[in-house]
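Below is one structure, written out as structure tokens, with a few remarks after it.
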Amino acid sequence: MENSVISRQPASRPDKRAKKTRDFHRLSPFWNAAAHLVIGLFSLACVYPFLFVVVISLTDEKTLALNGYSIFPEKWSFQAYQYIFQTGDQLLRSYGVTILITVVGTLLTVAIVSLYAYAISRPYFKFRGLFSFIAFFTMLFGGGLVPSYIVVSQVLHLKDTIWALILPMSVSAFSILIMRTFFKTMVPDAIIESGKIDGAGEFRVFLYLILPISLPGLATIGLFAALGYWNDWFNALLYIDNAKLLPLQSLLMKIETNIQFILQNSAIGSGTDRSAIAQSMPAETTRMAMVVLATLPIIFAYPFFQRYFVQGLTIGSVKE
Amino acid sequence: MEHGPMRWLRTLNRNKALLLMVLPGTVWFILFCYLPMPGAVIAFKDYRYDTDGFLASILRSDWVGFKNFEYLFKTEDAFIIVRNTLLYNAVFIVLGTVLSVLVAILVNEIASKKMAKIYQTGMFLPHFLSWVIVSYFVFSFLSVDKGVLNQVLKFFGADPVFWYSETKYWPYILVIVNLWKGVGYGSVVYLAAIVGIDKSYFEAAMIDGASKWQQIRKIMIPMITPIIVIMFILAIGGIFRADFGLFYQVPRDTGALYPVTNVIDTFVYRGLKVTGDIGMSTAAGLYQSVVGFVLVIATNFIVRKINKEQALF
Amino acid sequence: MKKRRGLTLLLSLFLLTSMALAGCGSKDNGGSDTAGTKTDSTGSEAKSTEKEKPVKLIWYTISGPQKDQDKVMAEVNKYVGEKINAEIDLRLIDWGDYSQKMQVIAASGEPFDIAFTSSWAFNYVESARKGYFYELDGLLEKYGQGITKALNPAFLEGSKVNGHNYAIPTNKELPAQAVWRFNKVLVDKYKLDVTKATTLESLEPMLKTVKDNEPDVYPIPSNIGPYLPYDFALEGLPVGVSIDTKDFKVVNVWDTPEAKQVFDTMHKYYKAGYLPPDAATKQGNEHEKTGKWLVDKQHTVPFADILWSDSLGYPIVSSPIHEPMVFNWSVTGSMQAISAKSKHPEKAMEFLNLLNTDAYLRNLVNYGLEGVHYKKLSEDTYEPIPDSGYSMPSFTLGNMFLLYKLKEDPKDKWEQYEKFNSSATNAPLLGFQFDPTNVLTEIANVKNAVDEYGPSLNTGSVDPNKVLPKAIEKLKAQGIDKIIAECQKQLDEWRAQNNK
């Protein structure tokens, strides 16, 4: 992306077909427009459902039941949002939990993963093979749900703590793999050698020479990790009983699964019990409003993330 | 020979910095992966609970051999679910990779940095919507009486289509929905790889008078090929695991569509709904792992034959 | 030098992380601990210092989260501490999560004392058979006399697994009775006679009247499920015996004339437009909100029409399809079990006994604090305070007959329940619990086939003349005959043992 930044100024382009143009950093206007069109349409298609969800959340409950989903509802209503803000200190709490686990978890993941990946990317590391195996073998085999649950709840005693939402996902062999390849291919050996000659220790080389030029890689695994933490609901399902520690996605997921469970399970109590439970569930517009409120921060946070992302990349290129 | 242990210690000492680096990760792997791993033997046992705890329960349960795996192989459905899982995932991997790389290149080439950012944010959004929400959205298109598509058909005087009972459309629908949800997210890796390419290559190409297209083909793609290959090999490892939400929520668990929507994960879910047997669910997981493992080894072997540099291990 | 600095940096980083880990961990633990002590420090602790320390019981039950849980539990523990020197650690798990979570908790051997179990969530028979639950026969005799007295004996009798009780059933409606439930607005408008509604076929003239006059209403709004006069051996599979069977012959229910007739009729209705075109895949209950429906099928309880009218906001009337009948699944519809691993099974039983016999405790656990969560109107009536932060699902906890009534409720509500309970006859398989161990493979396969064909046959979306033979063939290919044979074998043994 930043190559386009660097090459902002020169814009002389005599040949429209761009076959022999001198400026290789920019596309011809035609292809540029085509790229805009393709990517623009695709991203529009990606945003559209979200708009759709916003519209449903603003539709009058009764209108929704009568007419079904429509992008131009007959009657609008803010009732869903009113309802959430009246009763929803849970939503606010869950925001807090999600943000906390995302921030702490991402930092932890990036730290552990980059250290591990760096070590196994060094050709002179004697135990490289062993530790690569230790990491990558886990991508293929798992012990299953119950044994993992026992480790977290009974060995580490993490149940109903915030750490049960962070630690089980804090390392991924997948990210280690990406970072290892990154270090291997993107970090010139010359840099490490120069560091070595200066007499810098391994950690020093890593911290002051490698990390700064590895920001694109770090940003990538950081982003993956952050999204993983933000979207996780399964760990909460397993390890969290206390509503005060429920993350956002788990809150949303719970509402969906509850409603499906009640509607599909005809054996629950009598018909009257079922009606009573169904009554206590949030209405569809309310559910959509919660989706909107849960997704909105990401839309605003992502550009920031992206800025660091791009910044990291720029630093990388300046070094060259 | 008596220097053996001493030498080993010296090796340790020489590598101590790097060993310290892998320490936290190794501790994590031991705790969260290797400690639970022996639990997989449940797949070969008739799991019976014992009040002395989980370990005792495993030890005292009877061995049943491959009985827990039988339901995955016994009927002709087993063939269908394996076929569906493999074919869908193969299509997802191929098209997903191609489109992700394409999107990454296009985003990288777009001159307006601001627009590129906006597009990227937009493409990311579907990743945050759960499959349940996506299924509502798909339903708003495909619903028989109120769906957008049928209204369009009606407008043109065509007969409405019963989308949720016609199997022939679903392979396309599922592929489109999956790509739509995943491509924006998938392109991030490739974008990072592209931006990470040493600028001097492009400068050299520029001096040689290479066109943009040539730059993409001759520099960009070869440079990101290692990442593509790695992602590909990894995806192969998961080819036996289907995205449950996509195949269960999006077709609204419609029976008539099972021939084209039933995959291993949904089959196991439905099959064990009645009895909830731990042995059988562990068996399914193990089956998926082992096949994935074999496929990864095989793919890696082939890649290695072609180009040793690009192999995963 | 430099090397060491790098190392120190890293080490301090680790120290920091581990400290943060430990710190936060202990903070969290501290948090829950203080919450725990808060609950008992209010009252029982002062007294219990003289006595021995109260026994702590962990109780998992199914419910949405309750905002004021801590407040109410403080009061509960004060009372329970005094009465039986116990302290309850109540943990609520949401509806959709309950089964999965409890299965993991139980299978992993995590400690708990009491847990909700039933035929539809955290399956009772399965769990009892897997050994998760404490066998209660002795405890019931010793500490559960109150329960035995309060319960209709059919509850304990019908919920035995291999001859033993593993959970305490809730005293509520014992039998199940399917009814046609009508939207009374339309019934009155078109002067329909719902008393004539008995069989599926008898609905036809009413469906026709409504469809003719209100073309945009689908009289049957969704997949209402067929009523088939069979007692099923396993939830969700078409394997069972006829409800008035004499020979106890286990059959493939889809392969019976009754099923064929239901599917045929539904197909006729579907073609006539009485069901929505996408009935087979329709989810949700929008029609209940819009009132655009005439009839569906539900299980009733005494005064159900009043409750339904109340919760839907328009009048409802219903007409029975069959006489009330006690099924395995209705008996085990809501129970509380004690963990096989519980360290205090006696205390747990004492508590359950108290919960099922003590009106004050039962209402406290259910409705919360008087004046805060509900207003007491008289000796046995109450009025909930809306959005007050505490109201538990009453049918899941224990003896319902102890509960205060709404002022709209008839005075003799619980008497009517008892009458309803004693009016019922027993279904043929009551007390017989099918053990699926030997046919798990077939069950998993057959279930997939049932899910594939069930909804479209049940809603008449497909022509049974074409599809039903295919479906039956598929069930056979998946091994339903083996399940039937296994079931028949077990049933015959059970009959020999129980002289049925």
Side-chain angles (χ1 to χ4, degrees), chain A residues 1 4-5 18-19 24 26-27 32 35-36 38-40 42-43 46-47 49-50 52-53 68-69 112 115-116 118-119 122 125-127 131 134-135 138-141 143-144 146-148 150-151 168 171 177 181 185-186 201-203 216 220 223 256 291 295 298 302-303 306 313 316-317 320, chain B residues 11 15 17-18 21-22 24-26 28-29 31-33 35-37 39-40 42 54 106-111 113 116-117 119 121-126 128-129 132-133 137 140 146 180 184 188-189 192 195-196 198-200 202 206 211-212 215 226 230 234 237 278 282 285 289 292-293 313:
Chain A
M1 241 167 287
S4 56
V5 182
K19 261 197 175 159
F24 304 103
R26 284 182 84 163
L27 293 168
N32 193 35
H36 268 284
V38 171
I39 296 295
F42 180 59
S43 59
C46 289
V47 176
F50 188 73
F52 175 78
V53 170
Y69 310 122
I112 301 180
L115 280 170
Y116 199 102
Y118 175 70
R122 292 303 93 212
F125 181 34
K126 268 276 176 307
F127 305 98
F131 285 101
I134 287 180
T138 61
M139 296 175 73
L140 304 163
F141 279 105
V146 174
S148 308
I150 290 174
V151 169
V171 178
L177 199 73
T181 318
T185 53
M186 306 287 175
E202 208 65 69
F203 280 99
T220 312
L223 188 64
E256 298 299 342
V291 173
T295 321
I298 277 287
Y302 184 70
Q306 215 180 13
L313 307 175
S317 64
E320 292 300 318
Chain B
T11 316
N15 287 287
L18 291 171
M21 286 181 168
V22 295
T26 310
W28 187 90
F29 281 121
L31 282 177
F32 288 93
C33 298
L35 215 51
M37 217 174 262
I42 297 177
F54 183 70
L106 284 177
V107 169
N108 183 58
E109 295 303 332
I110 280 174
K113 195 183 156 207
K117 210 177 195 178
Y119 292 150
T121 311
M123 289 186 295
F124 236 78
L125 265 180
F128 291 99
L129 298 176
V132 179
I133 305 290
F137 172 64
S140 77
K146 290 172 194 138
W180 165 79
V188 171
V189 183
V195 184
D198 196 330
K199 292 294 147 321
S200 51
F202 292 108
M206 193 161 64
S211 72
K212 191 81 231 171
Q215 285 182 40
I230 286 172
L234 286 176
I278 303 176
T282 313
S289 296
F293 182 76
F313 38 83

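Because only heavy atoms are used, hydrogens play no part in the values below, and waters and symmetry mates are left out as well, while side chains stay in. Throughout, protein chains are lettered first and strands after them, A, B, ... in sequence-line order, and every chain is numbered starting at 1.
- For A:Pro168 against B:Phe32, the heavy-atom pair with the smallest separation is CA-CE2, 3.7 Å.
- Residue B:Leu31 touches chain A through both its backbone and its side chain, counting heavy-atom pairs closer than 4.5 Å.
- Put simply, of B:Ile133, B:Ile278, B:Thr282, the one with the most heavy-atom pairs under 4.5 Å next to chain A is B:Ile133.
- B:Trp28 pairs by the side-chain hydrogen bond (donor to acceptor under 3.5 Å, both in side chains) definition with A:Ser170, not counting sequence neighbours.
- To the nearest 0.5 Å, the span separating CZ on A:Phe127 from OG1 on B:Thr26 amounts to 11.5 Å.
- For A:Phe125, the parts lying near chain B are the backbone and the side chain together; criterion is any non-hydrogen pair under 4.5 Å.
- For A:Val151, the part sitting under 4.5 Å from any heavy atom of chain B is the side chain, from C-beta outward, and nothing else.
- When every heavy atom of A:Ser148 is checked against every heavy atom of B:Pro36, the shortest pair comes out as N-CB, 3.7 Å.
- Contacts of A:Val171 with chain B are made by both backbone and side-chain atoms, with heavy-atom separations under 4.5 Å.
- Residue contact with chain B, scored on non-hydrogen atoms closer than 4.5 Å, involves the backbone and the side chain of A:Ile134 alike.
- Of all heavy-atom pairs spanning B:Pro24 and A:Ile112, the tightest one is C-CG2, 4.1 Å.
- No other option in A:Ile150, A:Val53, A:Val38 has as many heavy-atom pairs under 4.5 Å with chain B as A:Ile150.
- The two atoms that bring B:Glu109 and A:Asn32 nearest to each other are O-OD1, 4.2 Å, heavy atoms only.
- The residue among A:Val291, A:Ile39, A:Val47 with the most heavy atom pairs within less than 4.5 Å of chain B is A:Ile39.
- Not counting sequence neighbours, the partners of B:Phe29 by the ring pair (Phe, Tyr, Trp, His ring centres under 6.0 Å) test are A:Tyr116.
- Closest of all the heavy-atom pairs between A:Leu115 and B:Met21 is CB-O, 3.5 Å.
- Rounded to the nearest 0.5 Å, atoms SG (A:Cys46) and CH2 (B:Trp180) are 6.5 Å apart.
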Could you walk me through whether A:Phe42 and B:Leu106 pass the side-chain contact (heavy atoms from CB on, under 4.5 Å) check?
CA-CA 12 Å; A:Phe42 180 59; B:Leu106 284 177; over 6 Å; no
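- Summarising the geometry of A:Lys126 relative to B:Thr11, their closest heavy-atom pair is CG-CG2, 3.4 Å, with the distance given to 0.1 Å.
- Heavy atoms of B:Phe293 lying under 4.5 Å from chain A belong to its backbone as well as its side chain.
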